[in-house]
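Heads up, the thing below is written out as structure tokens.
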Amino acid sequence: MNQARSIKMNLTSGAARLNPQGSYHYNSTAINRTIVLENGVANFSDHRKLYTVNGASYVQGSTPLKLADYFSVPGILATDAVPDRPDHRRAPSMETSVIDVDYRNFVRVVFQNTQPTIQTWHIDGYSFFFVGTDNGQWNEDLNNNTYNMLDAVTRSTVQV
């Protein structure tokens, strides 16, 4: 865990620096939405044990997602299957789940692991600023002062 906290962008090198126009000013940008993704395991009625994200287990749809979205094919995408925060009262579901986010919104994504094993999260095709890691349950009020909001590096994969 200390290794993940120690990786920082070198602000003195000749690479891209913090930009006054705002492209790297993630510490002063207003957050439009916070999504807490918690991995879990669910036992379904057919005695299968499946991994879930906020209680939803992903099932590949009959139509590729990009085609279903482009042609507005009904019944393929479930944009409400994964809630923004874990809801342990909801029954586990099997869905072709997609998280719908408005274009150009600044979204804080928290990866939370309650399992006894390390989970790897990969955001395919996107990079994100990895600003903090810690043990226990995530709490917005308690964790904000421990974030690295100055010189974090972008990643596409993180272990939780």
Side-chain angles (χ1 to χ4, degrees), residues 1-11 18-19 22-61 65 69 76-160:
M1 202 160 77
N2 289 332
Q3 179 191 15
R5 289 181 177 158
S6 66
I7 298 174
K8 299 176 184 226
M9 182 170 46
N10 183 356
L11 298 177
L18 299 175
N19 186 339
S23 61
Y24 284 98
H25 271 247
Y26 52 87
N27 60 340
S28 61
T29 305
I31 297 171
N32 300 97
R33 184 173 168 193
T34 297
I35 301 173
V36 179
L37 299 176
E38 180 179 279
N39 58 296
V41 179
N43 294 310
F44 287 89
S45 59
D46 57 359
H47 303 292
R48 286 190 296 165
K49 184 185 283 191
L50 297 175
Y51 289 97
T52 62
V53 174
N54 290 1
S57 183
Y58 182 80
V59 176
Q60 183 64 42
L65 296 179
D69 183 42
I76 301 295
L77 304 175
T79 57
D80 59 350
V82 178
D84 280 1
R85 300 200 182 243
D87 183 2
H88 301 287
R89 298 172 306 210
R90 283 179 54 157
S93 63
M94 294 173 57
E95 307 271 353
T96 306
S97 53
V98 175
I99 297 175
D100 192 18
V101 178
D102 292 333
Y103 182 61
R104 292 196 180 195
N105 272 4
F106 192 79
V107 179
R108 173 192 292 144
V109 179
V110 177
F111 300 106
Q112 188 165 279
N113 182 11
T114 59
Q115 302 300 309
T117 58
I118 293 177
Q119 301 295 322
T120 299
W121 290 81
H122 176 72
I123 308 298
D124 191 33
Y126 294 92
S127 293
F128 53 88
F129 289 103
F130 179 77
V131 297
T133 183
D134 210 344
N135 290 319
Q137 203 78 357
W138 181 78
N139 180 321
E140 186 170 6
D141 297 329
L142 297 176
N143 297 110
N144 267 340
N145 60 356
T146 63
Y147 295 157
N148 176 9
M149 300 300 275
L150 176 65
D151 56 357
V153 296
T154 57
R155 295 185 181 183
S156 61
T157 304
V158 66
Q159 286 75 31
V160 179

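Computed from a predicted structure; not experimentally measured.
Under the side chain to side chain contact (heavy atoms under 4.5 Å, CB included) criterion, D102 pairs with N105, not counting sequence neighbours.
No more than 12 heavy atoms of other residues, nucleotides or ligands sit less than 6.0 Å from atom OH of Y51.
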Side-chain donor-acceptor distances from residues 34-43 under 3.5 Å, at least two apart:
unit_1: E38; atom_1: OE1; unit_2: Q112; atom_2: NE2; d: 2.7
unit_1: E38; atom_1: OE2; unit_2: H88; atom_2: NE2; d: 3.3
unit_1: N39; atom_1: ND2; unit_2: N113; atom_2: OD1; d: 3.1

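Taking every heavy atom of both residues into account, T96 and Q60 meet most closely at OG1-C, 4.0 Å. Of all non-hydrogen atoms in R90 and P83, the two that sit nearest each other are NH1-CD, 3.3 Å. Here the closest non-hydrogen pair linking S57 and L50 is OG-CB, 3.6 Å.
The OG atom of S93 lies 13.0 Å from the OH atom of Y58; values are rounded to the nearest 0.5 Å. Taking CG of L65 as the start and CD1 of I76 as the end, the distance is 8.5 Å to the nearest 0.5 Å. Taking OG1 of T114 as the reference point, atom CD of Q119 lies at 9.0 Å (rounded to 0.5 Å).
Remark: side-chain polar atoms of N32 are paired, donor with acceptor, to backbone N or O of F106 under 3.5 angstrom.
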